Participant: 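This is the structure I want to talk about, given as C-alpha cells.
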Amino acid sequence: MRYWLFKSEPATWSWQDQVAKGAAGEEWDGVRNYQARNFMREMALGDRGFFYHSQSEKAVVGLIEVCATSHPDSKADDPRWDCVDIRALKPLATPVSLATIKADPQLAEMALVKMSRLSVQPVSEAEFRHICALGDTDPD
DNA sequence: GCCAACGTTGGC
DNA sequence: GCCAACGTTGGC
C-alpha cells in the first residue's frame, strides 16, 4: 500500500464536505497539474492518505482512502485530466499543523515542505505513521 | 495584501 | 527551442 496527501482549500472543499460524501466518496476533480495528475494515476484501490487544509488552516486534518482508481475528470473539458475518488475514513484526533511538520526533522523531506505548491503528493510509510502518531490517531 | 515559487503561454 | 510575460498557488 502507498500513502498520499491531498491538499484542499477548506473554503472550496473542506474535510467536512468530504465526510458528508460518506463511504461512496467523491471525485478529486479540478487538478490541472501534470505532476499531481501523474501521482493520481499511480494510486491503487485502498491506498491511504491525508486530507490537508491549505490557506487559513494549514494542517493535516483527516485520513482518507482511495475508493476509485484513475478515470477522466468529469468536470474537465479536456481529456488529459484524470483523477481518483477518495472517501473520508476518520479525522485526526489532533490536527497536525504545517508548523509542526516543518519543525520535525523526521518530516523535513516531505513534498509538503519542499514543494509547497504541489496539491497531490506521495507520503512515505514512515511519514504517514509519524504524522498519525503526532495526531494521536491510530493509522489503521 | 504581499511575495516567492513555479507552471503555462506565446512571440520570436 | 528559448525566454519573457503572465497567472496561480500558498505561506507568511
Side-chain angles (χ1 to χ4, degrees):
Chain A
M1 187 195 298
R2 298 181 67 188
Y3 302 91
W4 311 93
L5 182 145
F6 293 80
K7 193 185 290 183
S8 186
E9 299 176 28
T12 306
W13 182 255
S14 70
W15 171 248
Q16 286 72 27
D17 293 326
Q18 186 68 52
V19 168
K21 289 291 172 179
E26 176 75 355
E27 188 178 62
W28 196 257
D29 57 58
V31 170
R32 299 291 179 269
N33 172 281
Y34 289 108
Q35 251 190 306
R37 182 206 63 186
N38 291 343
F39 285 131
M40 288 199 283
R41 286 182 172 175
E42 293 177 26
M43 294 179 189
L45 272 187
D47 276 1
R48 298 279 181 95
F50 292 125
F51 194 105
Y52 175 83
H53 276 165
S54 66
Q55 309 269 92
S56 56
E57 199 174 344
K58 286 170 302 204
V60 174
V61 294
L63 297 185
I64 60 85
E65 179 181 53
V66 174
C67 61
T69 52
S70 175
H71 57 79
D73 181 335
S74 71
K75 304 229 172 47
D77 46 18
D78 188 323
R80 81 181 104 174
W81 300 117
D82 292 338
C83 63
V84 297
D85 292 7
I86 65 172
R87 64 172 166 236
L89 291 179
K90 58 184 168 185
L92 290 202
T94 308
V96 177
S97 71
L98 179 63
T100 300
I101 289 169
K102 282 188 159 178
D104 192 322
Q106 292 185 59
L107 302 173
E109 296 303 312
M110 286 186 71
L112 192 64
V113 177
K114 300 220 144 183
M115 292 187 287
S116 64
R117 290 185 54 199
L118 186 60
S119 63
V120 176
Q121 48 185 262
V123 174
S124 75
E125 183 172 0
E127 289 161 350
F128 181 80
R129 292 187 176 282
H130 191 57
I131 289 175
C132 285
L134 292 174
D136 302 313
T137 301
D138 184 346
D140 298 311

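Naming convention: chains lettered A, B, ... in sequence-line order (proteins, then strands); numbering from 1 in each chain. The structure displayed is predicted, hence computed values, not measured ones.
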Participant: Ring centroids only, cut at 6.0 angstrom: are Phe51(A) and Trp28(A) within range, meaning strictly under it?
Facilitator: yes
Participant: Is it true that Asp82(A) and His71(A) share a donor-acceptor pair across their side chains at a distance under 3.5 Å?
Facilitator: no
Participant: Under a 3.5 Å threshold, yes or no: a donor from one side chain and an acceptor from the other, between Trp13(A) and Gln18(A)?
Facilitator: yes
Participant: Tell me every residue that passes ring pair (Phe, Tyr, Trp, His ring centres under 6.0 Å) with Phe128(A), counting only those two or more places apart in sequence or in another chain.
Facilitator: Tyr3(A), Phe50(A)
Participant: Quick one: how far along DNA chain B does chain A reach, first to last nucleotide 5' to 3', anything under 4.0 Å to a heavy atom?
Facilitator: dA5(B) to dT8(B)
Participant: Salt-bridge test for Arg2(A) and Glu42(A): reply yes if a basic N is under 4.0 Å from a carboxylate O, no otherwise.
Facilitator: yes
